[in-house]
Peer 1: 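Following this message is one structure expressed as structure tokens.
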Amino acid sequence: QVQPVESGGDSVRAGGSLRLSCAVSEWTRKDYCLGWVRQAPGKEREGVVGIYTDDGRTYYDDSVKGRFNISRDSAGTTVYLQMNSLKPEDTGLYYCATRVPPCRYLSEYNPWGQGTQVTVSS
């Protein structure tokens, strides 16, 4: 089973930045949704951001609009999440996630991978 390689999680102070990446070595579809979901301790998992690998359309949860930016490489097998102006409420385990199109339903992305921890201190 194909598993993504996630990286980039770390501990930062509020206002700082991090860049997450999710690399998929093999994929048979050329068009799919790839993004990130996160889960904080004691809270439900939430969809954060998604991108349609075919045309690059992006989708953001309101809580991260203007602060986070998702992008993909030209092959569509790696996505990057640039996180700026981080807040303590951004703390959580971030999972690379995927679903088949349509990509705008962030809450319906399925976690995929082991996750990478992001901790933002005040």
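Computed from a prediction, not measured in an experiment: that's the story for all the values here.
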Peer 1: Below 4.0 angstrom, N of the basic side chain to O of the carboxylate: do Lys65 and Asp62 qualify?
Peer 2: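 Salt bridge flag = yes for Asp62 with Lys65.
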
Peer 1: Distance check, rounded to the nearest 0.5 Å: Arg99 atom CZ versus Asn110 atom CG?
Peer 2: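 One gets 8.0 Å once the value is rounded to the nearest 0.5 Å.
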
Peer 1: Go through the steps for Leu86 and Leu18 under the test side-chain contact (heavy atoms from CB on, under 4.5 Å), then give the verdict.
Peer 2: CA-CA 8 Å; Leu86 283 162; Leu18 286 174; 4.0 Å; yes

Peer 1: Donor-acceptor pair, Thr91 side chain versus Val120 backbone, under 3.5 Å?
Peer 2: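 Checking the backbone N and O of Val120 against the side chain of Thr91, a donor-acceptor pair under 3.5 Å is found.
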
Peer 1: To check you understand the geometry: which heavy-atom pair defines the closest contact between Tyr60 and Ile70, and what is its length?
Peer 2: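 Where Tyr60 meets Ile70 most closely, the heavy atoms are OH-N, 2.9 Å.
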
Peer 1: Less than 6.0 angstrom from the centroid, inside 45 degrees of the normal: does Arg72 satisfy that with respect to the ring of Tyr80?
Peer 2: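 Judged by the rule, Arg72 and Tyr80 form no cation-pi pair.
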
Peer 1: CD of Glu108 to SG of Cys103: how many Å apart, nearest 0.5 Å?
Peer 2: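 Reported to 0.5 Å precision, the distance equals 11.5 Å.
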
Peer 1: Roughly how far, to the nearest 0.5 Å, is CZ of Arg57 from CZ of Arg104?
Peer 2: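 Arg104 CZ to Arg57 CZ: 8.5 Å, rounded to 0.5 Å.
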
Peer 1: Using modelled atom types only, decide if a donor and an acceptor are shared between the side chain of Asp73 and the backbone of Thr78 within a distance under 3.5 Å.
Peer 2: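 Confirmed, Asp73 side chain pairs with Thr78 backbone.
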
Peer 1: Apply side-chain contact (heavy atoms from CB on, under 4.5 Å) to the pair Leu106 and Tyr59, showing each step before the final yes or no.
Peer 2: CA-CA 8 Å; Leu106 297 176; Tyr59 305 87; 4.1 Å; yes

Peer 1: When you measure from the side chain of Arg13 to the backbone N and O of Gly16, does any donor-acceptor pair fall under 3.5 Å?
Peer 2: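 No; judged by distance alone, with no hydrogens or angles, the pair does not exist.
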
Peer 1: Transitive ILVMFWY cluster of Val5 at side-chain heavy atoms under 4.5 Å: who else is in it?
Peer 2: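 Reading the cluster by chain and number, Val5 sits alone, since nothing else belongs.
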
Peer 1: Output, in order, the C-alpha distance, side-chain angles, deciding distance and verdict of side chain to side chain donor-acceptor pair (under 3.5 Å) for Ser7 and Ser21.
Peer 2: CA-CA 5 Å; Ser7 63; Ser21 65; 2.7 Å; yes

Peer 1: Under a 3.5 Å distance rule, please check whether Ser17 uses its side chain to pair with a backbone N or O of Asn84 as donor and acceptor.
Peer 2: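 Pair absent, no side-chain N/O of Ser17 close to backbone of Asn84.
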
Peer 1: Drop me the distance from Ile51's CD1 to Cys22's SG, to the nearest 0.5 angstrom.
Peer 2: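 So the CD1 of Ile51 and the SG of Cys22 are separated by 11.5 Å.
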
Peer 1: Of Glu6, Gln82, Met83, which is the lone residue that meets side chain to side chain contact (heavy atoms under 4.5 Å, CB included) with Leu20?
Peer 2: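 Testing each of Glu6, Gln82, Met83 against Leu20, the sole residue satisfying side chain to side chain contact (heavy atoms under 4.5 Å, CB included) is Met83.
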
Peer 1: Could you grab the distance from atom OG1 of Thr58 to atom OH of Tyr52, nearest 0.5 Å is fine?
Peer 2: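 The distance works out to 14.0 Å.
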
Peer 1: Distance alone, cut at 3.5 Å: any donor-acceptor contact between the side chains of Tyr94 and Arg38?
Peer 2: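 Per modelled atom types, Tyr94 and Arg38 side chains form a pair under 3.5 Å.
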
Peer 1: Do the side-chain N and O atoms of Asp54 and Tyr32 include a donor-acceptor pair separated by under 3.5 angstrom?
Peer 2: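 Not at all, the side chains of Asp54 and Tyr32 share no donor-acceptor pair under 3.5 Å.
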
Peer 1: For Gln114, does the CD atom sit with more than 12 other heavy atoms under 6.0 Å from it, leaving out its own atoms?
Peer 2: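 Open.
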
Peer 1: Atom CH2 in Trp36, atom CZ in Phe68: separation rounded to 0.5 Å?
Peer 2: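 The CZ atom of Phe68 is 11.0 Å from CH2 of Trp36, to the nearest 0.5 Å.
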
Peer 1: Identify the two heavy atoms, one from Pro4 and one from Val24, that lie closest to each other, and give their separation to 0.1 Å.
Peer 2: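 So the minimum-distance heavy-atom pair works out to CB-CG2, 4.3 Å.
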
